[in-house]
Amino acid sequence: MDEQKKDYVLLKGNEVIAKAAIRYGYDGFFGYPITPQSEVLETLAVDKPWETTGMVVLQAESEVASINMLYGAGATGKLAFTSSSSPGIALMQEGISYMAACELPGVIVSVGRGGPGLGTIQPGQADYNQAVYGGGNGDYNLIVLAPNSVQEMADCMGKAKELTFKWRVPVMILSDGVIGQMMEKVELPPFTPRRTEEEIHQQCPWATNGMGLKGRKYNYHSSLEFDPLVMEDRNHKMAEKYRKIEAEEVDYDTYKADDAEYLIVAYGISSRVSMKTVDTLREQGVKVGMLRPKTLWPFPNRILNEKAENLKCILCVEQSEGQMIKDVRLAVEGQVPVYHTGRSGGMISSPADVVDAFKAMARENISKNWPKGYWIK
Amino acid sequence: MAAPFGGRGALYMTKEELIQPENRIYGKPALMNDTPMHYCPGCSHGVVHKLVAEVIEEMGIEEDTIAICPVGCAVFAYRYLDIDWIEASHGRAPACASSVKRLWPKKLVFTYQGDGDMACIGTGEAIHAMNRGENIAMIFINNAIYGMTGGQMAPTTLMGMKTATCPYGRQADLHGYPLHITDIAVNLEGTCYVTRQAVNTVANIRKTKKAIRQAFENSLNHKGCSVVEVVSTCASGWKKTPEQANQWMTENMFPYYPLGDLKNTNE
Ligand SMILES: Cc1ncc(C[n+]2csc(CCOP(=O)(O)OP(=O)(O)O)c2C)c(N)n1
Ligand code: SF4
Ligand SMILES: [Mg+2]
């Protein structure tokens, strides 16, 4: 496309979520205000997409209601999303589990703040466990995308749309208060029309919208199963699907990681901070690079495991007390030690903080002089 | 027609011969399939299911109906009626129905909920859906008890009534008072039709059917939110025979939950 004709704008991450949703042809938004993501609903309210694309926008009475509205929307084959932040996402967990259980599409945007409890309204990354391991009951996974720029907030709305229908798994976009609140130049996607009811009918034969009922058996979505053998079978089938997703949908980025002896692993805002750290350390002659998971589930296990062979150690940078670090440790299967740095409760590490943490890690790693294979034990 | 039975019970006609279209005075609605129902004998749920099926069939809107069933004894409603169903989590059917109706504005969207589902865990969702004037119908089976989980106290349990969790009878100081959610619905601007019915007699069954039809038409015509409460029996939860349950309902529930239309903005 001609550079001139592209839709470049300067916007906040949260605003872009709203604008991208309209442009990607989302059918509905259902959400409840919470800092630091309220601009999503506010932007939709200003833009009034119900008058243009026909997208439905509703301020729900709670996050519990929002997620159940998403459940209903997904059940009928519509593309809807909700957005919230830490305590609100906590309230949604039952509904998320129900959506996963019924294999329904839907997109949940999570703009993380400091926790636990009401926590702070400042940005945080302490909801990795909440997103990846869920608080809902049962054997299920969500696809979790982790944008690290305002541009990627827009892109993730498109990717989430594709993935949630492709796999019939709810997709969570795990962002944080910095990405949600900061302004960057962004290229908005072109307008895609919402699917017509006839298209939904063709594409979603499983949907419970009454269409074509006379020519088929009735459809239903239910997660209840009294027969444990049948329930187990359902779980097995879902697990098979999850294994396929793990094989096909892993996404990550690397930064100066080809010849790296040390690796930083970071997502979201921490990856932006860590890029600066890598630059600083590279200037000082340290062979350090970064790997950034763009999907937190499925997690880039294989590439981390392969890279670990040539690494001295790994520093996991997260603005929490350390949550993703467990997945990094599992991925490298003890080949190298994995350290954590990051602040929590709404504080964000500066690139210099990460440089210091990196140097402390490297010193400790050298002084301990771990015997070969130590970490495998 | 010759009498089918002779002296001492000898059968002159086979069942097949007997069941002829011209002999039929009562039938099952076509939308009701042959799946054996799990409801206890004498339970109101089954009767209301039948009425829902009849109304949808009579209105000819099978392909334009999206139904939301609850968590409660009606959790398996989707097995019995050949329409598209979404089984919502406990209490959240009104939220689910709200998005569905907004996304499919031409469809009939209705919830089917028990008293625990609508008046306890899902009070918030119910009241807000009503208050927003969502163009949905809500069928509310008030049997004053948690049937599915084995007869525990419900928000609608009567004062003095014994349940598994108020074995000495409901007491105000311990358990508070019964919640009249339907009466609350009347005062919400978003509701257009609020009615309380029962299915204990043929006459009442007819009235309930009329009420359901009215509520469904309101949903299709975007009149606002309709609530059809059906004061119901739960013979098992009440530990009574079906006959005793009907009698107990007439004597104790009706005075407390009087039948009739409570609001109709169409009139
Ligand atoms: C979140 C949650 N809490 C509790 C339950 C257990 N539960 C299932 S049905 C029910 C009560 C249903 O009572 P009611 O809505 O009155 O329906 P009825 O069975 O009487 O028709 C409860 C508490 C549940 N399924 N989910
Ligand atoms: S327990 Fe009560 S409500 Fe449930 S099926 Fe039996 S009689 Fe009906
Ligand atoms: Mg009940």
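Note on naming: letters A, B, ... go to the chains in the order of the sequence lines (proteins, then strands), and numbering restarts at 1 for each one. Here the structure is a predicted model, which is why all the values come from computation and not from measurement.
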Parallel under 30°, tilted from 30 to 60°, perpendicular over 60°: which one fits the rings of A:F226 and B:F76? perpendicular

The interface call for B:S89 against chain A, heavy-atom contacts under 4.5 Å, is both

- Are any non-hydrogen side-chain atoms of A:E61 and B:R132 less than 4.5 angstrom apart? yes

So, the part of B:N131 with a heavy atom under 4.5 Å from chain A: the answer is neither

Rounding to 0.5 Å, atoms CG (B:L103) and CG (A:L58) come to a distance of 9.5 Å

**OP:** Could you go through the side-chain contact (heavy atoms from CB on, under 4.5 Å) check for B:D84 and A:R216 one step at a time?
**Re:** CA-CA 11 Å; B:D84 282 0; A:R216 60 167 164 88; 2.7 Å; yes

- Evaluate the criterion side-chain contact (heavy atoms from CB on, under 4.5 Å) for residue pair B:I68 and A:H221; output intermediate values, then yes/no. CA-CA 10 Å; B:I68 326 283; A:H221 293 291; over 6 Å; no

Assess whether side-chain hydrogen bond (donor to acceptor under 3.5 Å, both in side chains) is satisfied between B:W85 and A:T208, documenting all intermediate values. CA-CA 6 Å; B:W85 286 95; A:T208 47; over 6 Å; no

* Asked: Do B:R102 and A:K78 pass the side-chain contact (heavy atoms from CB on, under 4.5 Å) test, and can you show the C-alpha distance, the side-chain angles, and the key distance before you say yes or no?
  -> CA-CA 11 Å; B:R102 282 173 186 247; A:K78 293 274 183 175; over 6 Å; no

Of B:E62, B:H128, B:E63, the largest count of non-hydrogen pairs under 4.5 angstrom with chain A goes to B:E63

query: Side-chain contact, heavy-atom cut-off 4.5 Å: A:E94 with B:R92?
result: yes

Mind running side-chain contact (heavy atoms from CB on, under 4.5 Å) on B:L81 and A:Y218 for me, showing each step along the way? CA-CA 8 Å; B:L81 263 53; A:Y218 65 97; over 6 Å; no

- Would you check if the side chain of A:Y71 reaches a backbone N or O of B:E87 as a donor-acceptor pair within less than 3.5 Å? yes

So, the part of A:K214 with a heavy atom under 4.5 Å from chain B: the answer is both

Can you confirm whether more than 12 heavy atoms, excluding those of A:K48, are under 6.0 Å from its NZ atom? no

*asked:* Looking at B:K240, I'd like to know if its NZ atom is crowded, meaning that more than 12 non-hydrogen atoms belonging to other residues, nucleotides or ligands lie closer than 6.0 Å.
replied: yes

So, the part of A:L79 with a heavy atom under 4.5 Å from chain B: the answer is neither

Whatever's closer than 4.5 Å to a heavy atom in chain A on B:I66 counts as side chain

d(A:M211 CE, B:D64 CG) to nearest 0.5 Å is 9.0 Å

A:A65 and B:A95 have their tightest heavy-atom pair at O-CB, 3.7 Å

The side chain to side chain donor-acceptor pair (under 3.5 Å) partner of B:W104 among A:N209, A:D27, A:T76 is A:T76

Per-residue tally against chain B (heavy atom, under 4.5 Å) across A:L224, A:L70, A:I67 peaks at A:L224

Can you tell if the side chain of B:E125 reaches within under 4.5 Å of the side chain of A:N68, non-hydrogen atoms only? no

Q) Is it the case that more than 12 heavy atoms not belonging to B:D183 sit under 6.0 Å from its CG atom? A) yes

Looking only at A:G212, A:G54, A:S223, A:S66, most heavy-atom pairs under 4.5 Å shared with chain B are made by A:G212

One option among B:D82, B:V100, B:T65, B:L108 has the most heavy-atom pairs under 4.5 Å with chain A, and it is B:D82

The interface call for B:V109 against chain A, heavy-atom contacts under 4.5 Å, is neither

Notebook entry, point to check: Are more than 12 heavy atoms from other residues, nucleotides or ligands located less than 6.0 Å from atom OH of B:Y39?
Noted result: yes

Around atom CG of B:L262, are there more than 12 heavy atoms from other residues, nucleotides or ligands closer than 6.0 Å?
yes

CD1 (B:I86) and SG (A:C102) are apart, to the nearest 0.5 Å, by 9.5 Å

If you count heavy atoms of other groups shown closer than 6.0 angstrom to CG of A:D139, is the number above 12?
no

- Quick check: are there more than 12 heavy atoms from other residues, nucleotides or ligands sitting under 6.0 Å from NZ of A:K241? yes

